[in-house]
Amino acid sequence: MTAAPATLDRIRHHLVGLRMPRALEVLEHLLRQLERGEISALEAIDGLLDAELSLREGRRVKAALKMGRLLTVKTLAGFDFAFQPSLDRNRILTLAGLDFISRHEVVHFLGQPGCGKTHLAIALAVEAVQAGRSVYFTTLAELVGSLAKAEREGTLRERIRFLCRPQLLVVDEIGYLPVVAGGGNLFFQLVNARYERGAMILTSNRGFAEWGEVFGDTVVATALLDRLLHHAIVVRIEGASYRLRRHADLLPDTSSARPIASPEPPRRRGRPPKLRTADLSAAT
Ligand code: ADP
Ligand code: MG
């Protein structure tokens, strides 16, 4: 079956008018398959639309990753679960179902440097983008810096509103750098604004008991943990650094030995007075 040249011209014209460049590209190929009887007319239409849709989908994802500042792409497929036997693969795959985003929950990845916290946080964020959710990725230092700048410029309210927009906010690297004075307070304002309204993924190399130190303020740390451990999913990665996996023999013993404090509420060093154990037990 051969399409009349006039009809074919019209189809091409329409595809140009509808801005469907990818469909236009695959048109000839699909027609040849059709003529050879390899595909049906319905399959040809399907192939045409599918080609165009994948192009658009790819562009949408690319733009959303850029907007969300996910500049290095990591995937769950690229994560070697065999290297982290303490990590429950099914738990991570359940997170990839993204229900935690609909439920406005907070996911904590805790573990030593190099154990894959950022990789997993980005991989889940990429899953979210592919599923059409809005995402924003930042480190705590960048975030606090941007909030402090906004405060100086009198635009803190707008900045917090901007950071409340994405359905998933990833805050990476809590605990690597000391938070500047007043930073804990600014972070709290954001966390409070997003509380029960938007999901977050946080990564940290420090246990919750150390947050008073991280934020240089136990009162703020307690208030932060109060929000961030309610409706929380705490994933502790006990394993060693993936970066240093071939050089373990060169490292001092401490490199993989220091355990991350348990997610139980800080009881040491004047930690937050009341810990909500009920919330924690829900936070599996
Ligand atoms: P962290 O944030 O915990 O310090 P990263 O997630 O940045 O660690 O991991 C360090 C590097 O090792 C990254 O390039 C990451 O992609 C890689 N990596 C970590 N764990 C794994 C793993 N289990 N499988 C594959 N790559 C991993
Ligand atoms: Mg990291």
Side-chain angles (χ1 to χ4, degrees), residues 61 65-66 68-96 98 100 106-130 135-146 163 166 168-180 183 187 191 199-211 213-215 224 228 232-263 283:
V61 167
L65 290 173
K66 202 170 160 196
R69 318 209 48 170
L70 286 157
L71 305 177
T72 321
V73 171
K74 302 277 180 182
T75 61
L76 286 179
F79 192 82
D80 179 5
F81 284 91
F83 184 77
Q84 292 299 357
S86 75
L87 192 64
D88 182 350
R89 186 168 184 268
N90 285 330
R91 207 167 166 216
I92 303 301
L93 297 184
T94 301
L95 286 174
L98 306 177
F100 77 95
V106 180
V107 177
H108 297 264
F109 286 115
L110 304 182
Q112 296 299 312
C115 70
K117 303 180 297 296
T118 302
H119 186 128
L120 290 171
I122 292 179
L124 289 176
V126 169
E127 293 286 328
V129 165
Q130 283 167 345
V135 170
Y136 193 79
F137 178 95
T138 180
T139 63
L140 181 65
E142 267 170 18
L143 180 67
V144 164
S146 85
L163 290 163
L168 172 63
L169 177 70
V170 182
V171 182
D172 198 23
E173 296 186 354
I174 295 177
Y176 281 105
L177 299 170
V179 175
V180 295
F187 183 46
V191 164
M200 297 176 76
I201 297 180
L202 309 180
T203 81
S204 182
N205 63 329
R206 310 280 293 269
F208 298 125
E210 296 172 87
W211 277 36
E213 254 167 66
V214 170
F215 289 93
L224 274 170
L228 292 173
I233 298 164
V234 180
V235 181
R236 268 177 296 156
I237 309 171
E238 311 283 357
S241 171
Y242 188 85
R243 292 188 188 100
L244 303 174
R245 65 198 180 285
R246 294 198 192 89
H247 309 290
D249 51 323
L250 304 178
L251 292 170
D253 260 2
T254 53
S255 62
S256 60
R258 191 168 66 96
I260 287 290
S262 88

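Counting convention: from 1, in listed order, for ligands and their atoms alike. This structure is a prediction, so every number in the text was calculated from the model and none was measured.
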CG-CG distance between L98 and L168, expressed to the nearest 0.5 angstrom: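 Going from CG on L98 over to CG on L168, the span is 8.5 Å.
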
Give me the nearest non-hydrogen protein atom to [atom] as residue plus atom name, then the distance to 0.1 Å.
{"atom": "atom 7 (O) of ligand 1", "result": "R243 NH2, 3.1 Å"}
{"atom": "atom 2 (O) of ligand 1", "result": "T118 OG1, 2.7 Å"}
{"atom": "atom 1 (P) of ligand 1", "result": "G114 N, 3.4 Å"}
{"atom": "atom 15 (C) of ligand 1", "result": "H119 ND1, 3.4 Å"}
{"atom": "atom 24 (N) of ligand 1", "result": "D80 N, 2.7 Å"}

Evaluate [X] for polar contact with ligand 1, using N/O atom pairs at a separation under 3.5 Å.
{"X": "F83", "value": "no"}
{"X": "K74", "value": "yes"}
{"X": "L120", "value": "no"}

N/O/S atom of N205 inside 2.8 Å of the Mg ion (ligand 2), strictly under: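 Short answer: no, not a single N, O or S atom is under the cut-off.
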
Near [X], which atoms of ligand 1 are under 4.0 Å from a heavy atom of that residue?
{"X": "Y176", "result": "4 (O)"}
{"X": "Q112", "result": "3 (O)"}
{"X": "P113", "result": "4 (O)"}

Give me the atom names and distance for the closest heavy-atom approach of [X] to [Y].
{"X": "I237", "Y": "G116", "result": "CD1-C, 4.5 Å"}
{"X": "I174", "Y": "S204", "result": "O-OG, 2.7 Å"}
{"X": "G239", "Y": "C115", "result": "O-CB, 3.9 Å"}

Y242, portion touching ligand 1 at heavy-atom distance under 4.0 Å: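 The answer is the side chain of Y242.
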
pair I92-F109: side-chain heavy atoms closer than 4.5 Å: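 Of all side-chain heavy-atom pairs linking F109 with I92, at least one is under 4.5 Å.
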
So is [X] in contact with ligand 1, going by heavy-atom distances below 4.0 Å?
{"X": "E173", "answer": "no"}
{"X": "G111", "answer": "no"}
{"X": "A121", "answer": "no"}

Whether E173 side chain and A141 backbone form a donor-acceptor pair below 3.5 Å: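 Not at all, since once roles are kept as given, no pair shorter than 3.5 Å links the two residues.
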
Heavy-atom donor-acceptor pair, S86 side chain to E238 backbone, under 3.5 Å: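 Yes.
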
Parallel, tilted or perpendicular: rings of F79 and F81 (30°, 60°):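 If you compare the ring of F81 with that of F79, the planes turn out perpendicular.
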
E142/R69 ion pair, N-O < 4.0 Å: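 Between R69 and E142 there is no salt bridge, as every charged N stays at least 4.0 Å from the carboxylate O atoms.
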
Pair F208 + H108: ring centers closer than 6.0 Å: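 Judged by ring-centre distance (under 6.0 Å), F208 and H108 do meet the cut-off.
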
